[in-house]
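Written out below as structure tokens is the structure these notes cover.
Order of the sequence lines fixes the chain letters, A, B, ..., with proteins taken first and strands second; residue numbering starts at 1 for each chain.
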2 protein chains.
Amino acid sequence: MSVRVLIVDDHPIVRQGLRAALEDGGLSVVADVGTGERALELVPELRPDVVVMDLQLGAGLDGAETTRLLRALPEPPRVLVLTTYDSEADILRAIEAGATGYLLKDAEPGELRAAIATAARGETVLAPSVATRLVSRVRAPARTLTARETQVLRMVAEGASNAAIARELFITEATVKSHLVQVFAKLGVDNRTAATAEARRRGVIR
Amino acid sequence: MSVRVLIVDDHPIVRQGLRAALEDGGLSVVADVGTGERALELVPELRPDVVVMDLQLGAGLDGAETTRLLRALPEPPRVLVLTTYDSEADILRAIEAGATGYLLKDAEPGELRAAIATAARGETVLAPSVATRLVSRVRAPARTLTARETQVLRMVAEGASNAAIARELFITEATVKSHLVQVFAKLGVDNRTAATAEARRRGVIR
DNA sequence: CCCGGCCTCCAACTTTGGTTGGAGGCCCGC
DNA sequence: GCGGGCCTCCAACCAAAGTTGGAGGCCGGG
């Protein structure tokens with residue numbers, strides 16, 4: 001019996017392409033939808049084995065959040081993330097939300113079908129570039145930013161001053177500077193603009 | 001006789017989706033290719049009326065450059081850009097490269113087919129959000145950055161210091177600061193990190 | 001229980017960035 | 001030929017940002 005798939009992507013063109021690619025390969029596409037909300041409605045009813053999920057879904061629920069909610073259902077489907085970006089932040093969010101796999105949209109239809117079969121069996125499947133990122137993250141002994149540091153960095157990237165950040169977070173400017181010292185050291189830079197550039201490059205912010 | 005279309009997109013899934021959407025609508029897809037180079041090879045031979053072009057094409061020629069080269073051919077095809085982003089920089093580059101239209105990938109298949117018909121007649125077709133950006137750009141009396149200002153801003157966004165920028169451009173730091181004063185005023189901000197954030201938001205840098 | 005990481009804060013200092021109000025040369029279009 | 005935009009440069013000042021070398025409280029794991 002063939003694997004039952006539900007497609008979540010906000011682009012109609014991509015939905016149509018996926019459907020064609022999967023049905024050509026003998027898979028059964030039970031539905032294709034454009035929003036996370038719609039996916040949450042249909043999954044309990046249609047019981048797909050695998051949900052193919054885009055991360056960027058326009059307004060409303062995003063792909064990672066939808067994945068988390070789907071995985072919280074009784075007898076949840078496997079979720080295979082299929083997206084354009086391989087930023088570290090996206091990958092980590094998706095995996096920690098419970099995704100069984102992470103593929104990029106430049107995948108060939110054949111790879112994609114193989115990945116769905118693998119995901120249906122509950123085995124993890126990662127695109128090569130995604131795997132590389134994860135491995136290098138494990139190897140590099142986690143010069144990883146803490147939650148607070150990331151939060152501060154994100155505000156810096158928006159153009160906020162230290163004073164503004166302090167106000168918004170109800171801490172002193174001294175503390176903001178302390179966090180930034182850590183951030184600069186971890187990213188190997190020495191000023192805030194370089195930090196946002198490097199963070200973007202590494203994908204810790206988008 | 002039906003409109004002849006050639007598809008250029010680096011994602012096989014999207015190519016398949018586009019092909020399905022267009023053929024369902026009675027259009028004739030003469031080929032779909034993944035690179036600009038391949039498009040340049042096939043167009044003189046297949047003579048499509050309209051080329052549907054993604055801007056992001058991975059390695060090699062990008063969509064804007066490919067558009068420019070296609071439009072330089074004898075009896076060139078119309079080029080309809082179909083992409084994910086509506087950044088000002090992308091839009092301007094595409095239009096000035098000779099694109100006849102600019103649509104976003106969240107378009108419905110029906111809209112897309114209508115746009116192709118319009119483009120085939122040589123009329124311009126813009127997605128609403130793209131049109132809005134263009135109009136607001138015309139209305140706002142061109143608080144537009146000069147070449148030099150953009151160059152400096154781009155280096156700022158990379159995290160370069162004023163001193164580093166001065167060195168690289170063979171000008172003094174005073175000049176760099178002068179340019180930045182202009183940039184800040186035009187973008188309505190008062191520091192370099194906010195400037196890069198705003199520039200990114202407006203799509204003047206990516 | 002104590003160690004380590006995280007978050008908070010401080011003072012005092014140096015450096016960089018940003019502001020103000022200029023100026024001159026160049027080139028283009030009117 | 002001249003006005004205007006662009007690019008260049010200057011001095012001097014003020015305001016942020018970044019550095020250094022601390023410290024204390026909290027929490028979770030060994």
Before accepting this row, confirm whether a basic side-chain N of the pair A:Arg93/A:Asp62 lies closer than 4.0 Å to the acidic partner's carboxylate O.
yes

Which whole-number value in Å describes the distance from A:Arg167 CZ to D:dA16 P?
10 Å

Gap between atoms CG and P, on B:Asn191 and D:dA17 respectively (whole Å)
7 Å

B:Gln151 CD to D:dC6 P: how many Å, rounded?
15 Å

Sidechain-backbone polar pair: B:Glu149 side chain, B:Thr146 backbone, donor-acceptor under 3.5 Å
yes

Run the side-chain hydrogen bond (donor to acceptor under 3.5 Å, both in side chains) check on A:Thr172 and A:Thr175 step by step: do they pass?
CA-CA 5 Å; A:Thr172 66; A:Thr175 307; 3.1 Å; yes

Could you tell me whether A:Asp32 and A:Arg19 make a salt bridge, using a distance below 4.0 angstrom between a side-chain N and a carboxylate O?
yes

In 5'-to-3' order, the base (B), backbone-only (S) or no-contact (-) status of each nucleotide in nucleotides 7-12 of chain C, using a 4.0 angstrom heavy-atom cut-off, is SBBB--

Where do B:Arg71 and B:Val79 land on the side chain to side chain contact (heavy atoms under 4.5 Å, CB included) test, with the steps shown first?
CA-CA 8 Å; B:Arg71 296 293 303 170; B:Val79 176; 4.1 Å; yes

Just how far, in rounded Å, is P of C:dG5 from NZ of A:Lys186?
10 Å

Let's go through B:Thr84 and B:Gln56 carefully: what are the C-alpha distance in whole Å and the side-chain angles of both, what is the deciding distance for side-chain hydrogen bond (donor to acceptor under 3.5 Å, both in side chains) to 0.1 Å, and is it a yes or a no?
CA-CA 9 Å; B:Thr84 312; B:Gln56 288 75 37; 5.1 Å; no

Once you round it to whole Å, what is the distance between P of D:dC14 and CG of B:Asp190?
19 Å

Quick check on C:dT16: is either OP1 or OP2 less than 4.0 Å from any side-chain nitrogen or oxygen of B:Asn162?
no

Regarding B:Glu198 and B:Arg202, does a basic nitrogen lie under 4.0 Å from an acidic carboxylate oxygen?
yes

Between atom CG in A:Leu180 and atom P in D:dT20, what is the gap in whole Å?
15 Å

Hey, mind stepping through A:Leu70 and A:Val43 against side chain to side chain contact (heavy atoms under 4.5 Å, CB included) and telling me if it holds?
CA-CA 8 Å; A:Leu70 286 176; A:Val43 160; 3.7 Å; yes

Contacts table for residues 97-108 of chain B: side-chain donor-acceptor under 3.5 angstrom, sequence neighbours left out:
{"residue": "B:Tyr102", "atom": "OH", "partner": "B:Tyr85", "partner atom": "O", "Å": "2.9"}
{"residue": "B:Lys105", "atom": "NZ", "partner": "B:Asp9", "partner atom": "OD2", "Å": "3.2"}

Atom pair distance, as rounded to whole Å: CG in B:Leu187 and C1' in C:dG18
15 Å

Neighbours of DNA chain C within residues 192-199 of chain B, by heavy-atom distance under 4.0 Å:
B:Arg192

